[in-house]
Amino acid sequence: MDENENLCFERSKIDKINDLRERGMTVYPYSFARNDAITAIKDRFSDAGHEKSDEQVSTAGRLYLIRRHGKTIFADMGDADGRIQLYIRKNDLGDEKFDLFKDYIDNGDIIGVTGHVFRTKMGELTIWVDDFSLLTKSVCALPEKFHGLKNVETRYRQRYLDLIMNEESRETFRTRSRIISHLRTFLLDREFLEFETPTLQPIYGGANARPFTTYHNFLEQKLYLRIAPELYLKRLVVGGFDKVFEIAKNFRNEDIDTNHNPEFTMVEIYEAYRDYYDMMDLTEEIIASLAREVQGSSTIEYEGTPLHFERPWRRMSMDEAVREYAGISVFDRTVEELAAFAREHGVEEYESAATRGEFLVLFFEHFAEKQLIQPTFVYDFPIENSPLAKKHREHEGLTERFELFIYGMEMANGFSELNDPVDQKARLELQDAKRRRGDLEAQMIDYDFINALGYGMPPTGGVGIGIDRLVMLLTDKSSIKEVLLFPQMKVQQQESGAEESEESVESDEGNAA
RNA sequence: GGGCCUGUAGCUUAGUUGGCAGAGCGACGGACUCUUAAUCCGUAGGCCAGGGGUUCAAGUCCCUUCAGGCCCGCCA
């Protein structure tokens with residue numbers, strides 16, 4: 001083995017494979033007639049006694065723990081959902097077959113077995129093996145059998161190993177799958193249509209964030225990975241699909257931490273003839289339903305804190321939240337008074353705030369956000385940083401926008417969608433001006449989107465729910481990396497060979513010029 | 001961007017005021033027909049993340065680079 005390749009291959013296991021092939025054996029066969037999953041066998045034979053069952057079973061899986069006892073072997077075999085013990089005797093298999101197992105089968109190998117089920121003297125449900133076949137030889141050593149794989153970095157970088165070794169990790173991702181599946185069913189049952197809109201977008205929008213940039217060689221044009229599907233889904237509402245959703249991977253070129261990964265999953269939902277109150281109701285229903293589905297209860301525990309999902313949830317305007325947690329109402333004060341208040345209380349970045357609306361957001365984030373532990377909707381955001389939300393029906397300077405906070409984390413964001421094309425044009429022009437002044441996260445103007453609104457979008461409510469954070473909440477994980485199968489990690493430096501040459505990847509900037 | 005912490009064999013890890021780098025599992029060889037972290041005997045396996053320094057002597061102290069974790073800031 002070339003040591004520069006940094007492979008986990010083990011000499012002794014490669015040697016075994018060569019021996020087996022010399023003896024005419026197939027080390028990597030094509031299929032196996034597996035009749036039962038392990039959990040099915042355990043269920044079916046739960047009341048088995050010490051006598052072998054009449055019925056023969058056939059199952060397959062990975063060997064986790066082989067215990068050799070001379071002419072007898074015990075082994076634990078596991079598949080996706082369970083483990084079961086195997087009992088193998090020389091008397092039953094014959095010398096040749098038994099020695100084949102004894103000498104050539106290792107922990108980590110995948111085998112198929114046929115046999116009968118019984119319970120050992122110690123009470124363990126076990127397959128008394130009549131015959132086995134090697135289905136896949138593992139050439140890399142499994143981590144330690146008792147402590148398993150603990151190293152966090154390895155668990156993220158080699159998730160397959162994490163999944164092989166850690167049932168807790170498998171359980172987390174099973175739950176993630178169930179959450180997405182249940183979410184989809186929930187919406188389909190309510191006659192929403194699921195669509196897929198472009199991930200590669202010539203103009204990005206729908207959120208304030210820095211994009212990833214790429215280039216299409218044939219079209220000879222710059223493209224962006226979407227930061228949100230919002231503007232495309234609203235085009236569908238214009239087109240007449242009045243209940244739509246997309247479970248979308250979004251991409252944001254920003255920092256990575258325990259709550260952020262450059263690519264993440266969000267469900268965005270739009271329903272015509274609804275407003276933001278309706279979308280709060282819908283969000284509440286969805287998340288409460290998911291909690292019940294996953295935890296079997298409307299109360300879950302997150303980092304030791306019970307969170308209550310029974311409806312209705314607390315709702316407060318941003319102004320109310322600031323009045324309660326900061327003890328000040330921005331609408332009763334001058335901007336100068338607000339700046340003084342901010343300085344007194346150590347509010348970061350207050351120098352750039354010039355309007356009551358901006359102070360409202362600053363104070364909310366500084367005083368209130370982290371305190372919103374139980375599910376809480378905060379609504380009526382200032383117009384300054386909500387360019388896609390409809391103006392408030394009563395309050396000047398505010399929009400009909402809400403966010404949902406749980407355990408201080410932002411979980412969802414929704415609006416009464418802005419459908420006045422003239423207003424939308426003006427708001428995006430404002431964003432564009434900010435962008436041109438160097439605000440890297442301000443939005444571009446998508447004139448085609450404005451034209452779509454020009455044809456008329458019915459009054460519409462929309463909401464986006466962050467799926468990764470929801471999975472964190474429902475699986476009690478404190479890092480987003482624990483709920484992403486393959487979190488983004490920095491590429492590890494290769495031992496630099498002399499022939500190392502940069503693939504001639506064309507740089508975005510160069511091509512975009 | 002700031003702070004704190006971590007990196008020792010394939011895995012899990014010990015390593016004292018600086019004094020020969022140790023164990024368990026796994027691997028390899030052997031014994032063992034109801035074990036289950038099986039047990040018992042033996043063998044091999046380490047550039048202590050990389051680089052530099054202090055010292056008679058560095059896993060240990062200092063500087064630096066890399067990777068990772070946690071917290072803060074920033075950000076939907």
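Bear in mind that the values here come from a model prediction, so they are computed numbers and not experimental data. Order of the sequence lines fixes the chain letters, A, B, ..., with proteins taken first and strands second; residue numbering starts at 1 for each chain.
In this structure, CG in A:L86 is found 6.5 Å from CG in A:L63, a value given to the nearest 0.5 Å. Atom OH of A:Y407 sits about 4.0 Å away from atom OG1 of A:T305, to the nearest 0.5 Å.
If you take atom C1' in B:rC34 and the same atom in B:rG30, they sit 23 Å apart, rounded to whole Å. Nucleotides B:rU55 and B:rU39 are separated by 48 Å at their C1' atoms, to the nearest Å. Between B:rC61 and B:rG7, the distance separating the two P atoms is 11 Å to the nearest Å. Spacing of P atoms, B:rC71 relative to B:rA14, comes out at 23 Å, to the nearest Å. Here, B:rA9 and B:rA23 have their C1' atoms 11 Å apart, quoted to the whole Å. The gap from the C1' atom of B:rU36 to that of B:rC41 amounts to 22 Å, rounded to the nearest Å. B:rC5 sits 14 Å from B:rU64 when the P atoms are compared, rounded to a whole Å. Comparing B:rU60 with B:rG50, their P atoms sit 11 Å apart, to the nearest whole Å.
In the model, A:E482 has a side-chain atom that pairs as donor or acceptor with a side-chain atom of A:Y156 under 3.5 Å. Inspection of the A:E384 and A:T355 side chains reveals an N or O donor paired with an N or O acceptor under 3.5 Å. No donor-acceptor contact under 3.5 angstrom links the side chains of A:S169 and A:N166, judged on distance only. Remark: the A:D81 side chain and the A:T39 side chain contain no N/O donor-acceptor pair separated by less than 3.5 Å.
Backbone-only contact: A:S479 has heavy atoms under 4.0 Å from sugar-phosphate atoms and none from a base. If you check every strand for non-hydrogen atoms under 4.0 Å, A:M165 touches nothing. As judged by a 4.0 angstrom heavy-atom cut-off over every strand, A:G148 is placed among residues touching the sugar-phosphate backbone only. No engagement by A:T154 is indicated, since no non-hydrogen atom pair under 4.0 Å with the nucleic acid exists. Using a 4.0 Å heavy-atom distance criterion, A:D255 is classed as a base contact. At a threshold of 4.0 angstrom between heavy atoms, the contacts of A:E403 include nucleobase atoms, whether or not backbone atoms are also involved.
The shortest distance between the side-chain N/O atoms of A:K481 and the OP1/OP2 oxygens of B:rG69 is below 4.0 Å.
For residues 466-492 of chain A, no pair satisfies ring pair (Phe, Tyr, Trp, His ring centres under 6.0 Å), with sequence neighbours left out.
Nucleotide B:rU39: paired with B:rA31 (Watson-Crick or G-U wobble, both distances less than 3.5 Å). B:rA23 and B:rU12 make up a base pair, with Watson-Crick or G-U wobble contacts both under 3.5 Å. Pairing for B:rA67 is with B:rU6, a Watson-Crick or G-U wobble pair whose two hydrogen-bonding atom distances lie under 3.5 Å. For B:rC48, there is no paired base (Watson-Crick or G-U wobble, both distances below 3.5 Å). Across all strands shown, nothing is found opposite B:rG73 as a Watson-Crick or G-U wobble partner with both distances under 3.5 Å.
Residue order along RNA chain B, read from the 5' end via each residue's closest nucleotide, puts A:K13 first among A:K13 and A:E410.
Across the protein-nucleic acid pair, A:E10 atom CD and B:rG10 atom P stand 9 Å apart, rounded to whole Å.
Between the side chain of A:R427 and the main chain of A:S386, a donor-acceptor pair closer than 3.5 Å is present.
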Given protein heavy atoms under 4.0 Å, the one-letter contact record of nucleotides 31-40 of chain B, with B base, S sugar-phosphate only and - none, is simply -BBBBBBB--
